[in-house]
Amino acid sequence: MSRSSEHGGGSSDDRPRYRYDAALATTIEARWQDYWEDHHTFWAPNPVGPLAEGWAEAAGRPKLYVLDMFPYPSGAGLHVGHPLGYIGTDVYARYWRMRGRNVLHAMGYDAFGLPAEQYAVQTGQHPRVTTEANIANMRRQLRALGLGHDPRRGVATTDVPYYRWTQWIFLQIFGSWYDPDADRARPVTDLVAEFEAGTRAPVGPANPDGTPWAELDPVTRRRVVDGYRLAYREEATVNWCPALGTVLANEEVTAEGRSERGNHPVFRRPLTQWVLAITAYADRLIADLDLVDWPEPIKVMQRNWIGRSVGANVRFPVVGHAGLDLEVFTTRPDTLFGATYMVVAPEHPIVDAIVPPEWPDAILTDAVADVPAAWRGIFGTDVGPPEAVRRYREFAAGKSELERQAEGRVKTGVFTGAFARNPTSGDAIPIFIADYVLMGYGTGAIMAVPAHDQRDFEFAREFDLPIRCVVAPDDDWLAERGLDRAAPAGEWPEAFVGAGAAVASANVGVSLDGLATDDAKRVIGEWLAREGLGTPTVTYKLRDWLFSRQRYWGEPFPIVYDDDGLPVALPAAMLPVELPELHDFAPRVLDEDDHSTDPEPPLARVADWVEVELDLGDGPRRYRRETNTMPQWAGSCWYYLRYLDPTNDDALVDPDVERYWMQSPDHTGGVDLYVGGVEHAVLHLLYARFWHKVLHDLGHVSTPEPFARLFNQGYIQAHAFTDARGVYVEAAEVEERDGRFFLGEDEVQREYGKMGKSLRNVVTPDDMYRDYGADTLRLYEMFMGPLDASRPWSTADVAGVHRFLQRLWRNVVDEQTGETIVDDEPADDETRRVLHRTIAAVDADMADMKFNTAIARLFECNNRLTQVVGERGRAPREVVEPLVLMLAPLGPHIAEELWGRLGHDGSCAFVPFPAADPAFLVVDEVEVAVQVNGKVRAQVAVATGADDAAHEGAARADARVAAALAGVMVRKVVVVPGRIVNFVVG
RNA sequence: GCCCGAGUGGUGGAACGGCAGACACGGCGGACUCAAAAUCCGCUGCCCGCAAGGGCGUGUGGGUUCGAAUCCCACCUCGGGCACCA
């Protein structure tokens with residue numbers, strides 16, 4: 001690239017030998033990076049344990065835990081967009097180190113995952129080999145940035161000693177159940193003790209009859225207990241992605257029904273999988289958002305994802321099936337009288353029990369005289385209910401989410417041939433299956449109230465079902481739609497979903513008529529409870545976390561199966577369960593549209609690993625290992641705890657170490673600052689909070705939340721260019737001329753987007769190190785805008801901050817001789833005022849992470865210094881030293897170098913940050929703007945601290961003000977001392 | 001559709017309800033130089049004006065206020081999230 005010769009050729013003959021250019025910067029940077037490493041500069045002492053070296057000095061300092069989101073070591077390496085947050089946390093960490101904190105800042109690697117495995121499938125190279133190579137490259141790139149990380153704590157999730165503890169945490173989750181009375185997780189040993197003592201009845205699908213514990217056989221007992229565990233196996237409809245050869249969590253599937261990673265088709269199919277009971281924590285995950293200092297949009301996204309809704313479960317008796325009820329969840333029990341039909345999800349198990357062989361010929365409701373053709377299904381009217389239902393189920397299951405959207409959500413469905421009885425009115429109402437009701441939410445069945453629910457309204461229109469108004473719409477609603485109050489609901493253009501007074505809602509036992517919606521909900525709720533028809537219920541959109549993947553490159557489960565096919569936890573002493581060697585990493589299925597073949601995890605093929613003989617306490621026995629692996633999120637759920645005590649073999653973290661770093665007088669505990677991208681708003685951040693709460697409940701960590709403060713950094717984006725064919729061209733070779741863009745002589749179009757290979761607009765840190773040095777890159781990234789904003793990369797603008805560093809260097813070091821040009825003569829008062837104003841501003845900006853304005857202030861101060869040097873030929877030490885120290889968090893290498901050249905030994909990383917002298921912050925006189933009717937007419941000088949009258953007097957004394965006020969009546973004078981005087985005239 | 005967030009010079013961006021555009025990039029002019037680069041100095045929101053000066057300006061339209069980029073309402077545009085969740 002040509003740029004390197006322009007900027008990088010520091011050794012060319014006509015250049016001063018000691019000019020701060022890329023070559024010199026790189027030399028300095030390498031030297032200081034070695035120094036920091038050799039001198040353990042950024043080793044953060046733990047209070048106890050093997051990492052306690054240096055604790056004696058650190059003990060008196062308050063701690064600060066600064067954390068970056070765990071990166072995935074990609075084979076592509078870093079581009080300049082990646083380290084934005086890492087630089088931000090490093091500046092912040094270095095600043096607080098100088099402010100006397102014991103700062104923990106480390107960087108590890110989230111190294112399990114699909115890309116390494118897919119690469120292994122293609123090349124036959126073991127994922128561990130590629131993963132370690134990628135980590136080594138990323139470490140090199142990050143080291144060259146001069147990040148002040150504690151290198152001892154840089155764990156990778158793929159390290160066996162690390163995933164040993166990931167497996168250990170899984171065992172804790174498997175070994176726990178959620179006690180709703182205590183509202184926390186407890187060990188299952190407590191649960192069994194309660195069963196044995198008879199203080200708790202064993203309930204659940206494994207014990208449908210409610211047989212007492214003492215009478216259950218051992219296998220049934222285990223099944224009952226397994227049903228309580230926070231980690232359980234369940235046959236559930238899962239997101240199966242053939243192209244990735246694995247199932248995915250709901251969070252990993254996009255709205256289009258494709259995989260978030262790779263954008264492959266995802267199919268829904270039943271499969272037995274490991275699931276973690278995150279929904280048990282739903283309320284606490286919502287409530288504890290109030291404890292943390294996070295961006296409000298992230299909290300909103302988490303609340304929405306959890307999707308708590310309050311309502312009631314109501315049972316509708318199925319006509320002709322004594323004792324069989326259809327249970328629905330509704331948030332509007334007040335509209336129960338308006339339920340004119342019911343819908344169950346196509347997969348709902350009740351369907352098989354209620355579908356009659358033939359369409360009913362009896363007239364069961366006033367509204368329906370015969371079974372209309374439309375009700376009989378969309379595949380012809382000549383088949384009976386079982387066949388119609390079967391065909392509809394096939395139709396619904398075969399549709400991808402994408403197809404459902406493409407159909408514009410026209411409601412489809414089939415009448416099951418069965419009826420239920422509305423418990424309020426006694427009416428028999430038809431039961432449909434339709435795919436707009438989802439099996440996974442609520443009870444998988446609804447009561448349809450078409451007058452007051454838009455979806456039900458559309459379905460009722462489609463199928464000609466009765467629409468009965470039971471909540472009176474307000475006048476505005478009717479007027480906006482040109483409706484008369486007398487108009488029947490069937491003539492409305494849409495459902496009335498608002499609150500209002502209940503109407504036509506009375507039977508012999510209860511009347512809601514005239515009640516407001518909230519009161520009606522309460523009254524009907526009481527009636528339902530009294531009649532034994534329903535119970536108040538809270539439902540969540542959040543589902544339990546599907547936790548197994550059919551992959552090789554992940555943590556094996558510490559689980560084996562015995563002869564009964566039931567899972568048995570390995571004792572902690574048998575950890576780690578290491579991944580076996582494998583030569584063929586490919587999952588069995590790769591065709592992305594093959595949704596019928598069963599998944600087969602690669603580990604299942606390693607027969608001599610799967611089949612094991614173990615002594616788990618009752619003598620040696622044969623067991624089969626679990627062959628699924630954990631999802632990538634597992635390792636990243638708790639790395640911030642392992643950073644604290646990365647070498648501990650006895651615990652995932654020593655309790656004293658954990659308390660030291662996680663507890664704080666400033667908040668309710670957790671990492672003091674966590675910086676990362678907004679894309680983890682619901683995935684990583686929700687999972688990590690969940691694990692943390694489990695560990696908290698079980699006494700392994702001391703704080704309720706993992707991350708006290710969260711900060712979302714923005715993204716660096718970049719221009720990209722397309723030629724006449726619409727093909728992306730190499731952005732670095734495009735030139736701008738007169739506001740247009742050319743590649744050679746051909747004009748190209750400018751676009752804007754993420755930096756990446758496909759847009760051919762990647763700029764790498766290595767490019768920047770070569771052309772400017774790491775300090776310039778750091779400074780530019782911090783200067784280009786506020787840390788939380790996204791902004792476009794502009795290599796041309798990098799020169800600005802590079803020149804600043806050159807100027808500062810030149811103010812301290814003679815470019816020809818390398819001698820410092822600093823002297824001990826005092827600075828003039830104005831320069832001192834500039835310096836101390838700078839210190840005050842930079843100090844405040846640093847603490848507030850406003851690095852862009854902090855840098856601007858440093859520019860100003862250095863510009864003043866340049867002027868002084870120009871006049872005196874020397875730079876006053878009293879200005880230079882604070883300036884260098886203020887620069888140190890931002891451009892640490894150059895600051896260290898200058899600090900050394902100023903005669904100091906060692907690193908300035910722990911030298912106190914400069915403090916502003918208040919004496920130089922006060923000024924005798926301030927410029928005050930004078931307004932007339934809000935328009936600025938003049939500036940006048942006023943003594944600091946002058947009273948209102950003095951301000952007004954000074955303003956009136958100004959000729960322009962006097963002219964503006966001549967001949968008009970001053971009605972009011974507003975004085976804001978030191979800022980403004982405003983004459984209101986007229 | 002619903003929920004967030006953001007719209008300021010040619011560009012990136014500053015601005016406790018109080019002088020809009022700090023700082024930087026780019027541009028223009030000057031000094032130095034045989035020349036160029038580098039460096040240093042000055043100017044640089046738009047319009048009118050020789051100038052002094054004046055007018056207009058923070059997506060659009062209203063409002064609150066002595067005073068609004070900032071607060072409120074409506075709308076437009078862009079970015080992000082969710083999307084048949086009963």
Side-chain angles (χ1 to χ4, degrees), chain A residues 6 14-16 19 21 255 295-301 303-305 307-309 311 328-332 335 343 401 404-405 409 411 434-438 440-449 452-456 458-459 539-543 678-679 681-682 712 714-715 717 736 739 780 783-786 788-801 803-804 806-807 810 815 841 850 852-860 863 866-867 870 927-939 960 971-986:
Chain A
E6 288 169 31
D14 54 340
R15 292 220 164 189
R19 168 161 296 172
D21 57 16
E296 197 54 37
I298 301 286
K299 293 188 180 185
V300 168
M301 281 161 74
R303 286 193 198 99
N304 289 347
W305 189 263
R308 184 178 200 269
S309 64
V328 302
F329 172 70
T330 177
T331 56
R332 292 294 302 270
T335 62
V343 185
E401 295 289 333
R404 289 191 190 189
Q405 293 203 338
R409 288 186 190 162
K411 296 287 182 291
D435 63 4
Y436 83 92
V437 173
L438 311 172
Y441 185 77
T443 63
I446 62 156
M447 64 174 204
V449 185
H452 306 293
D453 181 285
Q454 186 59 24
R455 294 151 303 184
D456 298 343
E458 287 163 15
F459 190 88
T539 298
Y540 305 91
K541 212 176 96 178
L542 178 72
R543 313 290 162 78
V678 69
E679 71 272 19
V682 290
N712 291 121
Y715 293 95
Q717 298 186 293
E736 180 175 357
Y780 173 63
F783 181 61
M784 60 196 293
D788 57 359
S790 294
R791 50 317 231 326
W793 178 264
S794 169
T795 298
D797 291 0
V798 177
V801 290
R803 280 203 286 266
F804 159 72
Q806 278 183 333
R807 274 197 293 269
R810 210 163 30 233
E815 289 190 326
K850 290 160 78 174
N852 56 329
T853 50
I855 293 167
R857 300 288 87 80
L858 294 179
F859 272 116
E860 287 173 330
N863 287 347
T866 302
Q867 212 177 320
E927 286 281 304
V928 171
V930 183
Q931 298 180 332
V932 177
N933 278 353
K935 285 200 180 298
V936 178
R937 294 296 166 188
Q939 319 280 332
R960 284 160 299 183
R971 307 207 306 185
K972 187 174 174 185
V973 181
V974 179
V975 177
V976 181
R979 290 195 180 275
I980 208 155
V981 178
N982 188 13
F983 292 96
V984 185
V985 303

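Here is the naming used below: chain letters follow the sequence lines, and residue numbers restart at 1 for every chain.
Counting any heavy atom pair closer than 4.0 Å across all strands shown, A/V328 reaches no nucleic acid atom. As judged by a 4.0 angstrom heavy-atom cut-off over every strand, A/N852 is placed among residues touching the sugar-phosphate backbone only. Counting any heavy atom pair closer than 4.0 Å across all strands shown, A/T539 reaches no nucleic acid atom. Backbone-only contact: A/N863 has heavy atoms under 4.0 Å from sugar-phosphate atoms and none from a base. Within 4.0 Å of A/F859, counting heavy atoms only, lie sugar-phosphate atoms of the nucleic acid but no base atom. When heavy atoms are screened at a 4.0 angstrom cut-off, A/V976 is found touching base atoms of the nucleic acid. As judged by a 4.0 angstrom heavy-atom cut-off over every strand, A/P295 is placed among residues making no nucleic acid contact. At the heavy-atom level, A/E927 lies under 4.0 Å from base atoms of the strands shown. Across all strands, A/T866 comes closer than 4.0 Å to no nucleic acid atom at all (heavy-atom distances). Nucleic acid contact for A/K850: sugar-phosphate only, since backbone atoms but no base atoms lie under 4.0 Å from a heavy atom of the residue. The residue A/Q931 sits close to a base: some heavy atom pair falls under 4.0 Å. Within 4.0 Å of A/V936, counting heavy atoms only, lie sugar-phosphate atoms of the nucleic acid but no base atom. No engagement by A/S794 is indicated, since no non-hydrogen atom pair under 4.0 Å with the nucleic acid exists. Base engagement by A/R857 is indicated by at least one non-hydrogen atom pair under 4.0 Å involving a base atom.
Taking 4.0 angstrom as the limit, A/R791 places none of its side-chain polar atoms (N or O) nearer than this to OP1 or OP2 of B/rU11.
Each of A/V974 and A/Y780 lies near RNA chain B, and the nucleotide nearest A/Y780 is the one positioned closer to the 5' end.
For A/K935, the listed nucleotide lying nearest its side chain is B/rC56; candidates were B/rG13, B/rA15, B/rC56. Side chain of A/R803, nearest nucleotide from B/rG18, B/rG26, B/rA22: B/rG26.
Every side chain to side chain contact (heavy atoms under 4.5 Å, CB included) that A/Q454 has, sequence neighbours left out, goes to A/F457, A/E458, A/E494, A/A495. The salt bridge (Lys or Arg N to Asp or Glu O under 4.0 Å) test applied to A/R810 returns A/E815, not counting sequence neighbours.
Following rounding to the nearest Å, A/E815 (CD) and B/rA37 (P) show an atom-to-atom distance of 18 Å. Atom C1' of nucleotide B/rA86 and atom CE of A/M447 are separated by 9 Å, given to the nearest angstrom. Look at CD on A/E296: it is 15 Å from P on B/rC3, rounded to the nearest Å. Rounded to whole angstrom, the span from the CD atom of A/Q454 across to the P atom of B/rC84 amounts to 14 Å. The interatomic distance linking A/F783 (CZ) with B/rA24 (C1') rounds to 4 Å, in whole Å. Computed from coordinates, the A/W305 CH2 to B/rA83 C1' distance equals 11 Å when rounded to whole Å. In this structure, A/Y436 places its OH atom 8 Å from C1' of B/rA86, rounding to the nearest Å. Look at OH on A/Y715: it is 10 Å from C1' on B/rG80, rounded to the nearest Å.
Note on ring orientation: taking the six-membered ring where Trp is involved, the planes of A/Y436 and A/F459 are tilted (angle from 30° to 60°).
No hydrogens or angles were tested; on distance alone, nothing pairs the side chain of A/D797 with the base of B/rC25 as donor and acceptor under 3.5 Å. Between the base of B/rC19 and the side chain of A/Q939 there is a donor-acceptor pair shorter than 3.5 Å.
Of the nucleotides present, B/rC41 is the one that pairs with B/rG29 by Watson-Crick or G-U wobble criteria, both distances under 3.5 Å. Across all strands shown, nothing is found opposite B/rA51 as a Watson-Crick or G-U wobble partner with both distances under 3.5 Å. The base-pairing partner of B/rC19, taking Watson-Crick or G-U wobble contacts with both distances under 3.5 Å, does not exist among the strands shown. Here B/rC82 sits opposite B/rG1 as a Watson-Crick or G-U wobble pair (both hydrogen-bonding atom distances under 3.5 Å).
B/rU65 and B/rG13 have their C1' atoms separated by 29 Å, with the value rounded to a whole Å.
Going from atom CZ of A/R807 over to atom CG of A/N863 covers 5.5 Å, rounded to the nearest 0.5 Å.
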